[in-house]
Amino acid sequence: MATMYVDEDLVTIELGRWERLLTGHGRYACPLASVREVRVAGEPLRVPRGARKGLSVAGHVKIGVWGLFGGRRQLVSVTGDTPAVHLLLDRAASGGEFDEVVLSVPDAGRAAAAIQAAVQAAVRAAVA
């Protein structure tokens, strides 16, 4: 299972062995400044859209990269029974690879709140 944490000025995602295989990424990090919105997805299997590279088992799991041929490019690792943190990113500011990250984590509400607090602190620090 993937893990997500905030470290200084980055949101970092460490993907597990199968997730690495299906997404082509072992680790993905984006600057806090690139995070435009943080949401909790109660039904995370509904979030990914478009053509994909990865795994989709209806009603159970989606792991991979969605939006390959247009639309919003999404890094996805979600299960049907676990809420997800849904990050909406500024693609250019995040390195140009993804517009969104959708990741099921055990306590999505707390994780989303921690990321939102870190984003707000980074904005305050940039203004000061």
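Both backbone and side-chain heavy atoms feed into the values below; hydrogens, waters and symmetry mates do not.
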Nearest-0.5 Å distance, [atom1] of residue [X] to [atom2] of residue [Y]:
X     : Y     : atom1 : atom2 : result
Leu55 : Ser77 : CG    : OG    : 9.5 Å
Leu75 : Ser94 : CG    : OG    : 10.5 Å
Ser56 : Leu22 : OG    : CG    : 11.0 Å

Mind checking whether [X] and [Y] have side chains closer than 4.5 Å, heavy atoms only?
X     : Y      : value
Val6  : Leu32  : yes
Thr79 : His60  : no
Leu89 : Glu37  : no
Val47 : Glu100 : yes

Linked, directly or transitively: [X] and [Y] (ILVMFWY side chains, under 4.5 Å):
X      : Y      : answer
Val119 : Val11  : yes
Leu68  : Val101 : yes
Val85  : Val102 : no
Val76  : Phe69  : no
Leu45  : Leu87  : no

Taking all atoms of both residues into account, what is the closest heavy-atom pair of [X] and [Y], and its distance?
X      : Y      : answer
Leu103 : Ala2   : CD1-CB, 3.2 Å
Val40  : Ala112 : CG2-CB, 3.6 Å
Ala84  : Val78  : CB-CG1, 4.0 Å
Ser104 : Pro44  : OG-CG, 4.1 Å
Trp66  : Arg52  : CZ2-CD, 3.2 Å
Lys53  : Thr23  : NZ-O, 3.5 Å

### Message
Show every side chain to side chain donor-acceptor pair (under 3.5 Å) that has at least one partner inside residues 24-35, sequence neighbours left out.
### Response
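For residues 24-35: Glu14-Arg27, His25-Glu97.
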When you measure from the side chain of [X] to the backbone of [Y], do you find a donor-acceptor pair of N or O atoms at a distance under 3.5 Å?
X      : Y      : result
Arg39  : His86  : no
Asp107 : Arg110 : yes
Glu19  : Gly16  : yes

### Query
Is Arg73 salt-bridged to Asp99, cutoff N-O under 4.0 Å?
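Between Asp99 and Arg73 there is no salt bridge, as every charged N stays at least 4.0 Å from the carboxylate O atoms.
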#### Entry: Among Val105, Thr12, Ile115, side chain to side chain contact (heavy atoms under 4.5 Å, CB included) partner for Tyr5
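Only one of Val105, Thr12, Ile115 forms a side chain to side chain contact (heavy atoms under 4.5 Å, CB included) with Tyr5, namely Thr12.
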